[in-house]
There are 2 protein chains.
Amino acid sequence: MTAIKENSTYNANREIVLNECPVTYVMSKIGGHWKPIILYHLLSGSKRYSEIKKAMPHITEKMLIQHLKQLEADKLLIREAKPVVPPYVTYTLTESGKGLQTVISAMADWAFKDMGKVRI
Amino acid sequence: MTAIKENSTYNANREIVLNECPVTYVMSKIGGHWKPIILYHLLSGSKRYSEIKKAMPHITEKMLIQHLKQLEADKLLIREAKPVVPPYVTYTLTESGKGLQTVISAMADWAFKDMGKVRI
DNA sequence: ACAAGTACTTACCCCAAAGTATGTATGACA
DNA sequence: TGTCATACATACTTTGGGGTAAGTACTTGT
């Protein structure tokens with residue numbers, strides 16, 4: 001999981017900001033190129049790995065797995081694997097993950113307004 | 001402003017995601033280590049450069065200026081300079097910038113809940 | 001003469017996130 | 001026997017955000 005150099009200003013500032021700033025806390029959970037999209041696709045219900053993959057043509061498998069693991073570690077989703085071959089793995093949002101819907105909605109509202117795409 | 005290599009997957013994906021994902025759009029405007037903090041300080045009213053600087057002891061001047069310029073370019077705040085010496089420059093949120101308050105609130109609500117710090 | 005305050009600017013470096021490419025285990029099916 | 005499908009893993013490279021350090025312009029105070 002990529003060891004962290006403790007004695008760097010970058011990480012010092014990062015920690016300060018994470019502890020002090022709820023916005024940055026949220027960013028650390030759902031930020032990056034792909035995590036919001038993954039969450040979006042799961043908001044409509046559980047999906048298996050291959051379904052998420054098909055829904056996101058541009059993401060590489062490495063990035064997809066990496067972010068799914070991260071989201072699982074952050075307790076935003078749950079991974080369930082059936083012991084069959086070929087593998088059957090589903091991903092489901094936790095309550096915490098579902099709670100992000102209001103956040104995402106607020107962001108979407110502002111975004112569409114800001115992009116001048118709102119018509120009411 | 002740091003020339004961009006057009007033919008890279010990194011930027012291709014970035015653009016795709018920016019156009020498709022309102023969450024990423026918002027992130028691009030208020031993401032990073034410092035922008036949310038700057039916005040937070042300006043939500044309570046206009047401030048001059050030196051006031052913001054004092055309110056954020058850990059930020060470097062380069063980062064502060066850089067983000068203020070970016071926020072200005074994104075029309076989230078307005079810079080006003082009085083032609084005096086020593087310089088007197090104030091930064092004020094635009095309506096668009098003020099509109100972020102609801103977004104920030106939604107994020108803060110979720111963050112505090114998720115951090116288990118909520119007591120109601 | 002020179003230090004101090006304000007609001008910047010610029011050149012350079014580091015590192016973590018993102019991307020590339022390839023490999024793995026297992027069983028079904030042809 | 002070997003190819004296909006699923007759900008990963010891993011070594012390596014690239015990219016851009018962030019940090020360091022130093023300098024600039026202009027004027028007021030000592």
Side-chain angles (χ1 to χ4, degrees), chain A residues 1-18 24 27-38 47-72 77 79-91, chain B residues 1-18 24 27-38 47-54 56-72 79-91:
Chain A
M1 278 225 166
T2 64
I4 298 171
K5 262 198 183 171
E6 283 306 332
N7 52 349
S8 71
T9 306
Y10 183 85
N11 284 298
N13 277 337
R14 170 173 247 230
E15 213 173 303
I16 287 161
V17 149
L18 261 181
T24 302
M27 302 277 190
S28 75
K29 302 289 179 189
I30 71 173
H33 285 187
W34 303 112
K35 280 198 266 182
I37 322 262
I38 295 171
K47 297 251 175 345
R48 27 180 328 198
Y49 175 80
S50 53
E51 289 181 291
I52 304 175
K53 209 180 104 177
K54 265 169 218 157
M56 303 174 62
H58 299 293
I59 197 174
T60 63
E61 298 198 52
K62 182 202 165 193
M63 281 294 111
L64 182 50
I65 295 283
Q66 189 173 301
H67 286 128
L68 286 170
K69 298 277 173 206
Q70 189 61 57
L71 290 167
E72 192 192 3
L77 55 78
R79 193 190 97 110
E80 281 166 304
K82 288 184 189 168
V84 297
V85 171
Y88 193 98
V89 179
T90 55
Y91 291 92
Chain B
M1 273 226 171
T2 62
I4 298 171
K5 262 196 183 171
E6 282 306 332
N7 53 349
S8 73
T9 306
Y10 184 87
N11 284 299
N13 276 337
R14 171 174 247 230
E15 213 172 302
I16 287 161
V17 148
L18 260 180
T24 303
M27 302 276 190
S28 76
K29 302 289 180 190
I30 71 172
H33 284 186
W34 302 113
K35 281 198 267 183
I37 321 262
I38 294 172
K47 297 251 176 343
R48 48 185 302 207
Y49 175 81
S50 54
E51 289 181 291
I52 304 174
K53 210 180 104 176
K54 265 170 216 155
M56 303 174 62
H58 299 294
I59 198 174
T60 63
E61 298 196 52
K62 180 201 164 192
M63 281 295 110
L64 183 51
I65 296 282
Q66 189 172 300
H67 287 128
L68 286 170
K69 297 278 174 206
Q70 189 60 58
L71 290 167
E72 192 192 3
R79 194 190 97 111
E80 282 166 304
K82 289 184 189 167
V84 296
V85 171
Y88 194 100
V89 179
T90 55
Y91 291 91

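Chain A is the first sequence line, chain B the second, and so forth, proteins listed ahead of strands; every chain is numbered from 1.
Phosphate contact (OP1/OP2 of D:dA7, side-chain N/O of A:Ser50, threshold under 4.0 Å): present. Distances shorter than 4.0 Å separate some side-chain N or O of B:Arg48 from OP1 or OP2 on C:dA7. Residue B:Asn11 has no polar side-chain atom (N or O) positioned under 4.0 Å from OP1 or OP2 of D:dT15.
One atom, CG of B:Leu64, and another, C1' of D:dG19, lie 14 Å apart when rounded to the nearest Å. Following rounding to the nearest Å, A:Lys54 (NZ) and D:dA7 (C1') show an atom-to-atom distance of 13 Å. Rounding to whole angstrom units, CD of residue B:Glu15 and P of D:dT15 are separated by 16 Å. In this structure, the NZ atom of A:Lys53 is 8 Å from the C1' atom of D:dT6, given to the nearest Å. Between the P atom of C:dA16 and the NE2 atom of B:His33 lies a distance of 10 Å, rounded to the nearest Å. The interatomic distance linking B:Lys82 (NZ) with C:dG5 (P) rounds to 21 Å, in whole Å. One interatomic measurement links the two molecules: CG of A:Leu68 to P of C:dA18, which rounds to 14 Å at whole-angstrom precision. The CD-P distance, from A:Gln66 to D:dA7, rounds to 19 Å in whole Å.
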Pair B:Arg14-B:Asn11, side-chain contact (heavy atoms from CB on, under 4.5 Å): steps then yes or no: CA-CA 5 Å; B:Arg14 171 174 247 230; B:Asn11 284 299; 3.8 Å; yes
Test side chain to side chain donor-acceptor pair (under 3.5 Å) applied to B:Tyr91 and B:Glu51, step by step: CA-CA 10 Å; B:Tyr91 291 91; B:Glu51 289 181 291; over 6 Å; no
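Shown here for A:Leu77 and A:Leu68, the closest heavy-atom pair between the two residues is CD1-O, 3.8 Å. The shortest heavy-atom contact between B:Leu18 and B:Thr24 is CD2-O, 3.9 Å.
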What N/O pairs connect the protein and nucleotides 20-28 of chain C at under 3.5 Å? Give each pair on its own line.
residue	atom	partner	partner atom	Å
C:dT20	OP1	B:Thr9	OG1	2.6

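Counting heavy atoms from C-beta on, the side chains of A:Tyr49 and A:Arg79 never come closer than 4.5 Å. Residues B:Met27 and A:Ile30 form a side-chain contact, since some pair of their non-hydrogen atoms from C-beta on lies under 4.5 Å apart. At a threshold of 4.5 Å between non-hydrogen side-chain atoms, the residues A:Ile38 and A:Leu64 count as touching. A 4.5 Å side-chain heavy-atom check between A:Trp34 and A:Gln66 finds every atom pair outside the cut-off. Looking at heavy atoms from C-beta onward, B:Arg48 lies out of side-chain contact with B:Val89 at the 4.5 angstrom threshold.
B:His67 comes within 4.0 angstrom of the backbone, heavy atoms only, and of no base.
Out of C:dG19, C:dA7, D:dC8, the shortest distance to the side chain of B:Asn13 is found at C:dG19. You'll find that the side chain of A:Trp34 is closest to C:dG19, out of C:dT9, D:dC8, C:dG19.
Taking the screw axis at each terminus of the helix from C:dA1-D:dT30 to C:dA30-D:dT1 from five consecutive base pairs, the angle between the two is 30° to within rounding of 10 degrees.
Of the two residues near DNA chain D, A:Arg14 and A:Tyr91, the one whose nearest nucleotide lies more 5' is A:Tyr91.
Between the side chain of B:Lys35 and the backbone N or O of B:Lys29 there is at least one donor-acceptor pair closer than 3.5 Å.
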